[in-house]
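Just so you know, residue 1 is the first one in the sequence shown, and it goes up from there. Owing to the predicted nature of the structure, the values given are computational and were not obtained by experimental measurement. Just so you know, these numbers use all the heavy atoms, side chains as well, and skip hydrogens, waters and symmetry mates.
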Amino acid sequence: MEVQYRGSGKTYLNEKEYQCDLYYNEKQGGIILKINVKNEKTLGNFLQVPLEVSYLCGQLENGFKFTLLRLRRIEMKDLISYGVTVFTFKAEYILCGIGGNVNHEQTFHKVNFTLSNIVEWGEESVYTVGEHFELTSRSDDVCKLIYRGQDIAINYVVYGSMLPVVEQELLKEHIDLEQNGIIEICFEKEEKLEKFIETFEKLKRLIEIASFRKVNVEKVSAYSNDIVYALGDKTIERSIEIYGQNIQKNEHGEYSQSHRWKWISLSELIAQNSFEYYFDKHQMLAPIIELFLEPFYVGESSETRIFLNIVQALETYHSRFVTNDINEFKARVEKTVNSFSSTDSETLHKFLMANSKKFITLESRIADLLLANREIHFDIGEIKRDEFPTVIAHTRNYYIHYDERIKEKHRVLVEGELQFYNRSLLQILEYYILLELGFSDSGALKSKITERWGKVSQDMEILRMSRAQSNS
């Protein structure tokens, strides 16, 4: 990534003033600061400036003020002929227009995160079509409250271009309109930017699950009660533009209709009170969701890697939300067995216990999740239901240890099969995640996860018939 030179100036660290050079790329987020330290000796002191700095304020010679956040030193270079040591830092964020000789980090009460290609998922527009097919701007603000906590409110907002208001603006070959979906995070008391980013990162993962893709942040703007324009007797808050890590222009176009059918829309999440459930359970859900979302962030992930992630996520979910105690699990199995027909009790007990004696085995966890109190029937392809947990467990053990003896004694799914059975496992995992997010109708959940992951058995049959026809 290329970072452009923005100018030279002064920065302030530990109540000392240093000469500096600033470089940053607002479109891709790279930020570099070089601090020039004059030496009394030939070589500079390695610890003269810290290796890490939480924030650093400064001002360039052209008057531009800046604040850098989360700086990490990446290089130290002695320019002996000049008697100078250059300490190079990489920063995660730059706050434009505030800084100078300031000895505290700026706080904010509101931060807006502008997202790419999110308006259709949010199901709101700043425009409306009238009875005679005329395009007009909505008279009301487009703002949905999606979560309110003890000291925080999160809104989904849509801002857009104004329609032409004078005839001269109509005399163009192209009249462009643009609208953007924005996540607006507000705290009752002003907080540092880090707290806003931490909250947004949590929320972003839920949006990624719902929209079935990685979310891109195009722009970040912050607002403080202390940073205002004065217009006579009135004051207007001035937005502070923020560039940096994971803030970049969108390089992808809009998504196809087939992709949109897989969405869980914003209105669906609000209807199920999913945001409140999500924030209440986030600490327990976080590692599960991270494993679930990794393929969205790692391009061209192998089916083996995806399989290992999903199985780990299922095991983690069961240990965190069901039980990780063998005695509790045994009691759970007994209760489950007693709730079903006595003719199936012995078979069901064997299926669920699956060699769990001193600890709960992976087979038992998969079996318990697969059973789902018989409220839903998961599509697990061509493997028999009573064999599925064992096959998954042996496959996981094989791909972790690559012990060929496992493959000789037991069935292990190969790469070509994993492309189908990963979808079966994802259906199971997503079912339980959505349950935790307030979706309680098993029938509706079955339809939703089938829309999102497809019919595994049907797709396997189509492929089998296609290969048989090709070989005939």
- Task: Starting from the C-alpha separation in whole Å, work towards a yes-or-no answer on side chain to side chain donor-acceptor pair (under 3.5 Å) for E218 and T114.
- Result: CA-CA 6 Å; E218 288 194 352; T114 302; over 6 Å; no
Give the minimum heavy-atom separation between [X] and [Y], together with the two atoms involved.
X    : Y    : result
L22  : F66  : CD2-CD2, 4.0 Å
A393 : L362 : CA-CD2, 3.8 Å
S345 : V337 : CB-CG1, 3.4 Å
N112 : E184 : OD1-CG, 3.2 Å
K358 : I326 : O-CG2, 3.8 Å

- Task: Step by step, work out the side chain to side chain donor-acceptor pair (under 3.5 Å) result for T390 and E363.
- Result: CA-CA 6 Å; T390 303; E363 291 172 72; 3.1 Å; yes
- Message: The test is salt bridge (charged side-chain N to carboxylate O under 4.0 Å, His left out); show your working for K204 and E201 and say whether it passes.
- Response: CA-CA 5 Å; K204 186 179 75 166; E201 287 296 326; 3.4 Å; yes
Does [X] pair with [Y] as a salt bridge, N-O distance under 4.0 Å?
X    : Y    : value
D386 : K384 : no
R138 : E124 : yes
E461 : R464 : yes
R396 : E315 : yes

- Item | Ring centre gap for H282 and Y278 strictly below 6.0 Å | yes
- Query: Ring centres of F187 and F108 under 6.0 Å apart?
  - Reply: no
- L348 CG to L371 CG distance, which is reported to the nearest 0.5 Å: 6.0 Å
Any side-chain heavy atom of [X] within less than 4.5 Å of one from [Y]?
X    : Y    : value
F46  : R73  : yes
L429 : L291 : no
N397 : D403 : no
H410 : Y398 : no
Q106 : I240 : no
L177 : L135 : yes
H349 : V333 : yes

Heavy atoms of other groups near [X] [atom1], more than 12 under 6.0 Å:
X    : atom1 : answer
R385 : CZ    : yes
E194 : CD    : no
D441 : CG    : yes
E2   : CD    : no
Q48  : CD    : yes
K192 : NZ    : no

- Message: Going by the rule ring-ring contact (aromatic ring centres under 6.0 Å, His included), which residues pair with F200 if we only count those two or more places apart in sequence or in a different chain?
- Response: F113
- Message: Taking ring-ring contact (aromatic ring centres under 6.0 Å, His included) as the definition, give me every residue that meets it alongside Y147, ordered by chain and number, with sequence neighbours left out.
- Response: F279
- Task: Might you work through the side-chain contact (heavy atoms from CB on, under 4.5 Å) test for L435 and F321, ending with a clear yes or no?
- Result: CA-CA 11 Å; L435 278 182; F321 287 90; over 6 Å; no
- Option among K219, R6, K249 that satisfies the side-chain hydrogen bond (donor to acceptor under 3.5 Å, both in side chains) test with E26: R6
- Message: Main chain of Q248, side chain of N216: is a donor-acceptor contact present, judged purely on distance under 3.5 Å?
- Response: yes
- Message: Once you measure the plane-to-plane angle for F378 and Y431, does it fall in the parallel (<30°), tilted (30-60°) or perpendicular (>60°) bin?
- Response: perpendicular
- Task: Take L266 and W121 through the test side-chain contact (heavy atoms from CB on, under 4.5 Å) and record every step on the way to the result.
- Result: CA-CA 6 Å; L266 176 61; W121 173 79; 3.8 Å; yes
- For residues E178 and S161, is any side-chain donor paired with an opposing acceptor at under 3.5 Å? no
- Message: Please evaluate residues E241 and S221 with respect to the criterion side chain to side chain donor-acceptor pair (under 3.5 Å), reporting the C-alpha separation (whole Å), side-chain torsions for both, the decisive distance (0.1 Å), and the verdict.
- Response: CA-CA 5 Å; E241 298 304 313; S221 303; 3.3 Å; yes
What donor-acceptor contacts under 3.5 angstrom involve side-chain atoms of residues 446-455, with partners at least two apart or in another chain?
from: K446; atom 1: NZ; to: H377; atom 2: O; distance (Å): 2.7
from: S447; atom 1: OG; to: G443; atom 2: O; distance (Å): 3.3
from: K448; atom 1: NZ; to: W263; atom 2: O; distance (Å): 3.3
from: K448; atom 1: NZ; to: E268; atom 2: OE2; distance (Å): 3.3
from: T450; atom 1: OG1; to: K446; atom 2: O; distance (Å): 2.8
from: R452; atom 1: NE; to: E430; atom 2: OE1; distance (Å): 3.2
from: R452; atom 1: NE; to: E430; atom 2: OE2; distance (Å): 2.7
from: R452; atom 1: NH1; to: A210; atom 2: O; distance (Å): 3.3
from: R452; atom 1: NH1; to: K262; atom 2: O; distance (Å): 2.5
from: R452; atom 1: NH2; to: I209; atom 2: O; distance (Å): 2.5
from: R452; atom 1: NH2; to: E430; atom 2: OE1; distance (Å): 2.9
from: W453; atom 1: NE1; to: E430; atom 2: OE2; distance (Å): 3.2

- Would you check, one step at a time, whether the test salt bridge (charged side-chain N to carboxylate O under 4.0 Å, His left out) holds for E436 with R320? CA-CA 12 Å; E436 299 301 332; R320 288 190 165 212; over 6 Å; no
